[in-house]
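Keep in mind that the numbers below use all heavy atoms, side chains included, and drop hydrogens, waters and symmetry copies.
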Amino acid sequence: MQDVMITIRNSMVTGDEKPDVTEIITEGKFEMTDNGCVMSYELEPDGSEPVDGSHTEMILEGNTFNFIRTGMYGADFFVEPGVRNQTLYRMPFGNMTVGVHGRELHSDISENKGSIMAKYQIDFNASLVADYQMDISYRTI
């Protein structure tokens, strides 16, 4: 696996409101696979300990994208355009099952740099909560 700098920008839109945007820039690992790539990172804000044992792995395989986070705030969601999947969010106060409806998935990846864009909707009890767009870019360091 190669060392990479990863930038993740996640935008959430509810109704007509201005998007709520979060951004993470962190060092991580990257590996090309036969049908896509795997990236991973640890959240270490002070450089010493991962946040609550948080480890994130992102897997692009063909026309699917899997985002797996372990730790106190865990998630395992699968984005496939045109398909609604159920996923589990793990939080300190309990677990919650949500629907993830894939809208779009685009990627431009190589050994040294690349990007992945995933658009999806999240629902609770089949009621739309928000539209999301996750933009991921990486470059070797």
Side-chain angles (χ1 to χ4, degrees), residues 1-47 49-141:
M1 292 195 119
Q2 298 182 75
D3 292 328
V4 291
M5 185 62 64
I6 302 170
T7 301
I8 302 170
R9 182 182 164 116
N10 203 21
S11 304
M12 178 182 75
V13 178
T14 54
D16 295 329
E17 297 178 18
K18 184 179 175 183
D20 181 11
V21 179
T22 58
E23 185 172 72
I24 296 171
I25 301 172
T26 187
E27 291 183 21
K29 300 289 186 185
F30 172 84
E31 181 178 18
M32 291 290 289
T33 63
D34 290 340
N35 200 21
C37 67
V38 176
M39 279 183 272
S40 62
Y41 65 91
E42 312 286 332
L43 287 179
E44 301 176 14
D46 63 1
E49 294 293 323
V51 175
D52 302 311
S54 179
H55 173 81
T56 302
E57 189 167 271
M58 299 174 287
I59 304 165
L60 175 69
E61 188 171 5
N63 200 34
T64 64
F65 178 72
N66 199 2
F67 181 93
I68 304 162
R69 175 172 289 143
T70 59
M72 185 180 291
Y73 295 92
D76 182 354
F77 70 88
F78 191 75
V79 177
E80 183 177 7
V83 178
R84 181 184 179 272
N85 293 289
Q86 297 235 155
T87 191
L88 183 67
Y89 275 78
R90 295 172 300 281
M91 292 169 266
F93 56 83
N95 297 335
M96 183 173 17
T97 302
V98 299
V100 178
H101 187 171
R103 294 298 201 198
E104 294 180 44
L105 181 63
H106 302 283
S107 63
D108 181 14
I109 60 172
S110 71
E111 287 285 339
N112 299 318
K113 66 178 181 174
S115 63
I116 300 169
M117 185 278 295
K119 286 186 179 181
Y120 55 97
Q121 292 179 321
I122 298 285
D123 68 68
F124 297 126
N125 297 325
S127 295
L128 177 65
V129 172
D131 290 297
Y132 287 84
Q133 179 170 327
M134 183 181 292
D135 295 291
I136 303 162
S137 62
Y138 66 91
R139 63 175 171 76
T140 57
I141 51 176

**Student:** Which distance, rounded to the nearest 0.5 Å, do you find between the CE of Met32 and the CD of Glu111?
**Tutor:**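 Spacing of CE (Met32) from CD (Glu111) equals 5.5 Å.
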**Student:** Any side-chain heavy-atom pair from Phe77 and Ile122 closer than 4.5 angstrom?
**Tutor:**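 No, every pair of side-chain atoms sits at 4.5 Å or beyond.
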**Student:** Between Gly82 and His101, which heavy-atom pair has the shortest distance, and what is it?
**Tutor:**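 Where Gly82 meets His101 most closely, the heavy atoms are C-NE2, 4.0 Å.
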**Student:** Are the side chain of Gln86 and the backbone of Thr97 linked by a donor-acceptor contact shorter than 3.5 Å?
**Tutor:**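 A pair under 3.5 Å: no.
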**Student:** My understanding is that only residues two or more places apart in sequence, or in another chain, count here; which of them pass side-chain hydrogen bond (donor to acceptor under 3.5 Å, both in side chains) with Asp131?
**Tutor:**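 For Asp131 the side-chain hydrogen bond (donor to acceptor under 3.5 Å, both in side chains) partners, ignoring immediate neighbours, are Gln121.
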**Student:** Hey, what do you get for OG1 (Thr14) to OH (Tyr132), rounding to the nearest 0.5 Å?
**Tutor:**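 So the OG1 of Thr14 and the OH of Tyr132 are separated by 8.5 Å.
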**Student:** Set out, in order, the CA-CA distance, both residues' side-chain angles and the distance that settles ring-ring contact (aromatic ring centres under 6.0 Å, His included) for Phe65 and Tyr120, then state yes or no.
**Tutor:** CA-CA 11 Å; Phe65 178 72; Tyr120 55 97; 8.5 Å; no
**Student:** Just to verify, what does Asp123 make a side-chain hydrogen bond (donor to acceptor under 3.5 Å, both in side chains) with, not counting sequence neighbours?
**Tutor:**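 side-chain hydrogen bond (donor to acceptor under 3.5 Å, both in side chains) list for Asp123, sorted by chain: Arg84.
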**Student:** Look up atom CZ in Phe30 and atom NZ in Lys113, then write down how far apart they are to the nearest 0.5 Å.
**Tutor:**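 Atom-to-atom, Phe30:CZ and Lys113:NZ are 13.0 Å apart.
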**Student:** Quick test of your reading: applying side-chain hydrogen bond (donor to acceptor under 3.5 Å, both in side chains), list the pairs with at least one residue in residues 56-65, sequence neighbours left out, ordered by first then second residue.
**Tutor:**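 The answer is Thr56-Arg69.
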**Student:** Can you run down the salt bridge (Lys or Arg N to Asp or Glu O under 4.0 Å) pairs that involve residues 13-33, sequence neighbours left out, and say none if there aren't any?
**Tutor:**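 The answer is Asp3-Lys29.
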**Student:** Hey, are the side chains of Ile25 and Ile6 touching, using non-hydrogen atoms and a 4.5 Å cut-off?
**Tutor:**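 SC-SC contact between Ile25 and Ile6 ruled out.
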**Student:** Hey, are the side chains of Val38 and Met1 touching, using non-hydrogen atoms and a 4.5 Å cut-off?
**Tutor:**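 A side-chain contact exists here, since the closest heavy-atom pair is under 4.5 Å.
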**Student:** Could you note down all residue pairs passing salt bridge (Lys or Arg N to Asp or Glu O under 4.0 Å) where residues 87-105 supplies at least one of them, sequence neighbours left out?
**Tutor:**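 Every salt bridge (Lys or Arg N to Asp or Glu O under 4.0 Å) pair that includes a residue of residues 87-105, provided the two are not neighbours, is Glu104-Lys119.
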**Student:** Got a sec: does the CG of Asn95 have more than 12 other heavy atoms crowding it under 6.0 Å?
**Tutor:**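 Yes, enclosed.
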**Student:** Would you mind reporting whether Ile109 and Tyr138 have side-chain heavy atoms less than 4.5 Å apart?
**Tutor:**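 Counting from C-beta outward, Tyr138 and Ile109 do come under 4.5 Å.
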**Student:** In Å and rounded to the nearest 0.5 Å, what is the CD1 to CD1 distance from Ile8 to Ile24?
**Tutor:**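 These two atoms lie 5.0 Å from each other.
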**Student:** Might you point out which heavy atoms bring Glu42 and Thr26 nearest each other, and give the distance in Å?
**Tutor:**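 Nearest pair, atom of Glu42 first, then Thr26: O-OG1, 3.8 Å.
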**Student:** What is the distance from atom CG of Asp135 to atom OG of Ser11, rounded to the nearest 0.5 Å?
**Tutor:**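 The OG atom of Ser11 is 6.5 Å from CG of Asp135, to the nearest 0.5 Å.
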**Student:** Under the side chain to side chain contact (heavy atoms under 4.5 Å, CB included) rule, what do Met134 and Val79 come out as? Steps first, then yes or no, please.
**Tutor:** CA-CA 11 Å; Met134 183 181 292; Val79 177; over 6 Å; no
**Student:** Check whether any side-chain heavy atom of Met58 sits under 4.5 Å from a side-chain heavy atom of Ile116, and report yes or no.
**Tutor:**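 Met58 does not reach Ile116 side chain to side chain.
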**Student:** Look up atom CD1 in Ile59 and atom CG in Asn66, then write down how far apart they are to the nearest 0.5 Å.
**Tutor:**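 That separation rounds to 5.0 Å.
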**Student:** For Glu80, check side-chain hydrogen bond (donor to acceptor under 3.5 Å, both in side chains) against everything at least two apart and list the hits.
**Tutor:**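 Glu80 satisfies side-chain hydrogen bond (donor to acceptor under 3.5 Å, both in side chains) with no residue once adjacent residues are dropped.
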**Student:** Verify side chain to side chain contact (heavy atoms under 4.5 Å, CB included) between Val100 and Val83, making sure each step is shown before the conclusion.
**Tutor:** CA-CA 8 Å; Val100 178; Val83 178; over 6 Å; no
